[in-house]
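What follows is a set of notes on a single structure, which appears directly below.
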Amino acid sequence: MITFDAAQALLAGAVQPLPAENVPLIEADGRVLAEPVRAALDAPRRAVSAMDGYALRDADAAIGATLRVIGESFAGGALPPPLGAGECVRIFTGAALPDGADRVIMQENCTADAGAMTIAREYGPGWHVRAAGSDFRAGDLLLPAGRLLDPGAIVTLAGADRDSALVHAAPRVALIATGDELTQPGTARDNPLTIPESVSFGVAALARQHGARIAARLRGTDDLAALTALAGQALEQADVVIVTGGASVGERDFAKPMFAAHGLELLFPKVAIKPGKPVWLGRASGRWVLGLPGNPTSAMVTARLFLAPLLAALQGRDPAAVLDWQDHPLSAPLPATGDRETFWRARGLADGLEPVRNQDSGAQATLAAAQWLIRRAADSPALDAGQPVSALRIWP
């Protein structure tokens with residue numbers, strides 16, 4: 001059994017990104033760049049107005065000055081005529097400045113009549129001009145490889161005059177839920193010996209939030225031969241296979257044995273954390289296999305801590321980017337930890353983080369209430385309200 005940090009280091013060192021593919025810009029959101037993006041042009045291409053008003057030479061600007069209006073300039077329209085002394089151009093936001101102009105005075109500060117404009121009020125100090133290349137220049141590095149294409153990055157990508165992006169393939173994930181007691185949600189009420197299978201739905205949702213595509217959702221009973229066949233089916237369809245349950249050492253815990261015939265090689269077999277000690281990661285048939293505990297809270301906590309970094313690494317991101325630990329004060333006391341590093345579920349309140357009352361590994365209702373994981377080292381003392389803790393958002 002290894003520490004949480006050691007397990008993360010093994011994961012980061014072993015996982016290589018999936019191949020790249022070119023996708024249209026409209027389909028690129030949420031994907032990860034496989035190459036750096038450089039600007040194909042200057043932005044703006046030439047000096048443009050930041051306001052509706054009049055473009056003129058600063059040398060002609062003075063309260064009470066009257067200038068001859070020699071043309072108009074609209075965004076995307078023809079270039080206006082160049083300015084001489086005592087001349088100006090009616091201009092609109094985003095329109096090109098005429099040659100010779102270096103200032104725009106807002107229309108609210110001007111009066112116009114019969115082809116002339118008079119500066120009627122104080123217009124200062126802004127010049128209301130966006131200089132050529134003031135946003136970026138052709139050839140500038142705008143987005144590095146490994147950048148997640150969030151909405152802001154999509155705007156930048158389009159602004160760089162790119163209609164597509166080279167991105168890493170979205171990982172295909174197959175989920176296998178194991179356990180004789182599990183049944184499809186909506187049917188458990190008919191049999192008191194069964195429980196709704198909830199974990200795979202939550203893990204699938206988390207996987208999608210971190211860029212994955214769900215290739216298959218399978219459920220198997222505690223029969224090794226049948227599970228081995230399911231494992232083979234999942235490995236053929238996915239880049240990552242997630243198996244939930246069967247991760248302990250009981251007579252019917254087949255999570256690892258079901259992949260033995262497919263050449264399972266473990267990266268780590270368990271981790272010294274609470275909840276989720278049975279979590280494991282390995283390779284089988286060239287695919288990554290992540291074993292999660294069957295208890296809902298344990299499964300979701302370990303999925304956040306290990307599946308999210310695994311998916312990030314497969315998409316060319318630094319796995320640490322999705323483990324963004326932040327310091328927050330406690331709004332309520334926190335008990336001491338035992339001999340394993342512990343991740344407490346907590347709610348975010350105005351005055352800090354409040355640990356949820358039910359920290360049981362099988363809890364489900366508190367997963368809807370908790371937004372944070374508080375990280376505490378093994379053998380840490382109890383903390384009072386107001387003391388700082390390191391915490392991670394559970395859901396993006």
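The chain is numbered in sequence order, starting from 1.
- For the residue pair Thr297 and Ser361, no side-chain donor N or O sits within less than 3.5 Å of a side-chain acceptor on the partner.
- Here the side chains of Leu264 and Lys256 are in contact, with some heavy-atom distance below 4.5 Å.
- Side-chain contact between Ser49 and Met106: absent, with no pair of heavy atoms (C-beta onward) separated by less than 4.5 Å.
- Of the charged side-chain nitrogens involved, at least one lies within less than 4.0 Å of a carboxylate oxygen, so that Asp60 and Arg57 count as a salt-bridged pair.
- Here Leu10 pairs with Ile2, Leu267, Phe268 under the side-chain contact (heavy atoms from CB on, under 4.5 Å) rule; sequence neighbours left out.
- The shortest side-chain heavy-atom distance between Glu21 and Arg31 falls under the 4.5 Å cut-off.
- The shortest non-hydrogen separation linking Ala165 to Leu157 is CB-CD2, 3.7 Å.
- Not a single donor-acceptor pair under 3.5 Å links the side chain of Arg219 to the backbone N or O of Thr183.
- When hydrophobic clusters are built by joining Ile, Leu, Val, Met, Phe, Trp and Tyr residues whose side-chain heavy atoms come closer than 4.5 Å, directly or via intermediates, Phe343 is grouped together with Leu290.
- With Asp239 contributing its side chain and Arg172 its backbone, the two residues share a donor-acceptor pair below 3.5 Å.
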Apply the test side chain to side chain donor-acceptor pair (under 3.5 Å) to residues Arg345 and Gln359: give CA-CA distance (whole Å), side-chain angles for both, the deciding distance (0.1 Å), then the verdict.
-> CA-CA 7 Å; Arg345 280 70 69 204; Gln359 296 284 329; 3.2 Å; yes
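- Taking a 6.0 Å sphere around CD of Glu122, one finds it holds more than 12 heavy atoms contributed by other residues, nucleotides or ligands.
- The pair Arg45-Asp161 does not count as a salt bridge, with every side-chain nitrogen at least 4.0 angstrom from each carboxylate oxygen.
- A 6.0 Å sphere centred on CG of Asp5 holds more than 12 heavy atoms belonging to other residues, nucleotides or ligands.
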Before giving the answer on side-chain contact (heavy atoms from CB on, under 4.5 Å), spell out for Met117 and Ile105 the whole-Å C-alpha distance, their side-chain angles and the decisive distance to 0.1 Å.
-> CA-CA 11 Å; Met117 180 275 289; Ile105 295 181; 5.6 Å; no
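- Looking only at side-chain heavy atoms (C-beta outward), Leu310 and Trp288 come within less than 4.5 Å of each other.
- Inter-residue side-chain proximity for Leu230 and Thr178 is flagged as unmet; no heavy-atom pair is nearer than 4.5 Å.
- Counting only distance, with no hydrogens or angles, the side chain of His262 and the backbone of Thr228 share a donor-acceptor pair below 3.5 Å.
- Gln315 places no side-chain N or O within donor-acceptor distance of the main-chain N or O of Val32, the cut-off being under 3.5 Å.
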Could you go through the side-chain contact (heavy atoms from CB on, under 4.5 Å) check for Asp327 and Ser390 one step at a time?
-> CA-CA 5 Å; Asp327 288 338; Ser390 181; 4.0 Å; yes
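- Here the side chain of Thr337 pairs a donor or acceptor atom with the backbone of Ala377 at under 3.5 angstrom.
- Side chain of Thr342 to backbone of Arg340: a donor-acceptor contact under 3.5 angstrom is found.
- Glu87 places no side-chain N or O within 3.5 Å of a backbone atom of Leu83 that could act as its donor or acceptor partner.
- For Ser298 (side chain) and Gly294 (main-chain N/O), no donor-acceptor pair under 3.5 Å exists by modelled atom type.
- Electrostatic pairing of Glu72 and Arg90 does not count as a salt bridge here, judged by no charged N lying under 4.0 Å from a carboxylate O.
- For Gln326, the side-chain contact (heavy atoms from CB on, under 4.5 Å) partners are Asp324, His328, Trp372, not counting sequence neighbours.
- Enclosure of atom CZ in Arg46 by more than 12 non-hydrogen atoms of other residues, nucleotides or ligands within 6.0 angstrom is indicated.
- Heavy atoms only, all atoms of each residue included: Val37 and Ala160 are closest at CG1-CB, 4.2 Å.
- Within the 3.5 Å criterion, the main-chain N or O of Val199 finds a donor-acceptor partner in the side chain of Glu197.
- Considering every non-hydrogen atom in both Ala39 and Leu142, the closest pair reads CB-CD1, 3.8 Å.
- Considering only heavy atoms from C-beta on, Ile273 comes within 4.5 Å of Thr302 through its side chain.
- Counting only distance, with no hydrogens or angles, the side chain of Arg376 and the backbone of Pro381 share a donor-acceptor pair below 3.5 Å.
- A salt bridge is absent between Asp339 and Lys277; no separation between the charged side-chain nitrogens and carboxylate oxygens falls under 4.0 Å.
- Both Trp325 and Val301 are assigned to one and the same hydrophobic cluster, defined by single-linkage of ILVMFWY side chains at heavy-atom distances under 4.5 Å.
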